[in-house]
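Read the structure below first, then the notes.
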There are 2 protein chains.
Amino acid sequence: MPPLVSAPALTARQEARRRRILQATTRLASRGGFDAVQMREVAESSGVALGTLYRYFPSKVHLLVAVMRDQLEQLHAALRERPPTEDDPAARVAQTLMRAFRAMQREPHLADAMVRALTFADRSVSAEVDTVSRLTTTIILDAMGPAGPPTPAQLSAVRVIEHTWHSALITWLSGRASIAQVRIDIETVCRLIGPEPSRQAYSARS
Amino acid sequence: MPPLVSAPALTARQEARRRRILQATTRLASRGGFDAVQMREVAESSGVALGTLYRYFPSKVHLLVAVMRDQLEQLHAALRERPPTEDDPAARVAQTLMRAFRAMQREPHLADAMVRALTFADRSVSAEVDTVSRLTTTIILDAMGPAGPPTPAQLSAVRVIEHTWHSALITWLSGRASIAQVRIDIETVCRLIGPEPSRQAYSARS
DNA sequence: CGCTAATCTAGAACAAGTTTCAGACTGGGT
DNA sequence: ACCCAGTCTGAAACTTGTTCTAGATTAGCG
């Protein structure tokens, strides 16, 4: 069976190497954040030569973005198990993001490493960052509810929610905003989704 | 006259050094963005020893955040000259941010250097980043209009607008969003401000 | 099995941010 | 004018991300 995406069909050994690398990275990041992920140490810790590490992940940022993708996929799976419970779409999204935020609070160093890598990434990582971004969009859309294809207005709202989510995380990680502050920001931006669709829509201006 | 803030009263020569450093940094950043700002080159280009550069700005990120502060102060002054022309507060804020965005489009490399530094900054730079953040808040509040002390709801909206502003810039700089996309995001988030205050306020839920 | 191309390893080398240090210089107080 | 403390310089050293190279290993294939 050919791979689903454009992965060039890794052998079992290679798959195992890749996984060891990601695990070692996650462990180091959980200890001390972005700075604690040192390429030599990742290589040694995952039993791989430095050159091989760079063959699998062409930079530290690529590596950490891959870790973020991993974590997001886990979150997505967990959310499928226990979807948000609120009625209002906006509240469901806020609940979902707060759940993700609590996960980050449990591993603040890991969050630091992932989020700093994500926002520091330059154009050479844009494909990988885009994958992470699409995953995030999917998670938010899933949280919004069972609706069919989202409207352009909804997509704009989701984009802005994502912006706020990333930037609020950064201010929290750098100690410039409290946990309460992040909650408020999330709840504030989720108002853009508007109350549940059954209510009377107030006319969009222009 | 003692300095207004906690600046330890630099001599004229020191003030000149500081300014040369910032100018050299701005010039290098305009050429090639974050990566083109190399500390050795900044030092040489501003006629200062490397150690001195580090005495003035304890890291590359500190340096670039100081440049961003400089640029924001210039923008603030320019906005005082020609304030936004729209009637609606939300439109005024959007207009102001789009004006800033056009300035960034004129110097995309400089924008890259400043914004990447700002979002990559860790706790050791939080004081300086906070200054920049407060300046940004001031600019947005100024754009909103001549109103007195802003309400907590307005402050939340402004925070979210700032988040969106920074994050949208990043997606643009890393080539994952178009200029049009950024405009849409800015206009979308500015709706959080709501229509001008003269209209009937719809009751805040909870 | 034996061949070939691709992959992996160990280690050196390079690049740029940061630190350190000895000595020269400056500015303010006497 | 002189002296002290703080500042600046030039240069080397250190750190960590990244690249390179020569040789060993592995995978796929006839």
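Lettering follows sequence order; numbering is per chain, from 1.
Taking only side-chain nitrogens and oxygens, A/Q14 never comes nearer than 4.0 Å to OP1 or OP2 of D/dA27. Checking the phosphate oxygens (OP1, OP2) of D/dC8, a side-chain nitrogen or oxygen of B/Y56 falls inside 4.0 Å.
Look at OH on A/Y54: it is 17 Å from P on D/dT21, rounded to the nearest Å. In this structure, the NE2 atom of B/H62 is 16 Å from the C1' atom of C/dT19, given to the nearest Å. Computed from coordinates, the A/L64 CG to D/dT18 P distance equals 10 Å when rounded to whole Å. When the P atom of C/dT19 is taken as reference, atom CZ of B/R55 falls 13 Å away, rounded to whole Å. When rounded to the nearest whole Å, the span between CZ of A/F57 and P of D/dT18 equals 13 Å.
Ring-centre distance between A/F120 and B/F34: below the 6.0 Å cut-off.
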- Task: Determine, for nucleotides 23-30 of chain C in 5'-to-3' order, which nucleotides have protein heavy atoms under 4.0 Å from the base (write B), from only the sugar-phosphate (write S), or from neither (write -).
- Result: ----S---

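With no hydrogens or angles considered, no side-chain donor-acceptor pair links A/T164 and B/H163 at under 3.5 Å. With 3.5 Å as the limit, one finds no donor-acceptor pair spanning the side chains of B/T11 and B/R13. Inspection of the A/Q23 and A/S46 side chains reveals no N or O donor paired with an N or O acceptor under 3.5 Å.
When all heavy atoms of B/M104 and B/A111 are compared, the pair lying nearest together is SD-CB, 3.7 Å. Scanning both residues, A/A177 and B/R159, for their nearest heavy atoms gives CB-NH2, 3.8 Å. A/R99 and A/R82 make their closest contact through NH1-O, 2.6 Å (heavy atoms, listed as atom of the first residue, atom of the second, distance). Looking at every heavy atom in both residues, A/L53 comes nearest to A/V48 through N-CG1, 3.6 Å.
Of the residues in residues 15-46 of chain B, B/R17, B/R40 come within less than 4.0 Å of DNA chain D through at least one heavy atom, sorted by number.
Nearer to the 5' terminus of DNA chain C, by closest-nucleotide assignment, is the contact made by A/L53 (compared with the other of A/L50 and A/L53).
Between D/dT18, C/dT7, C/dT18, one nucleotide has an atom nearer to the side chain of B/K60 than all others, and that is C/dT18. Minimum atom distance to the side chain of B/V48 is reached by D/dT9, of the listed C/dT9, D/dT9, C/dG17.
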- Item | Pair A/R191-A/D88, salt bridge (charged side-chain N to carboxylate O under 4.0 Å, His left out): steps then yes or no | CA-CA 10 Å; A/R191 274 194 226 122; A/D88 188 42; over 6 Å; no

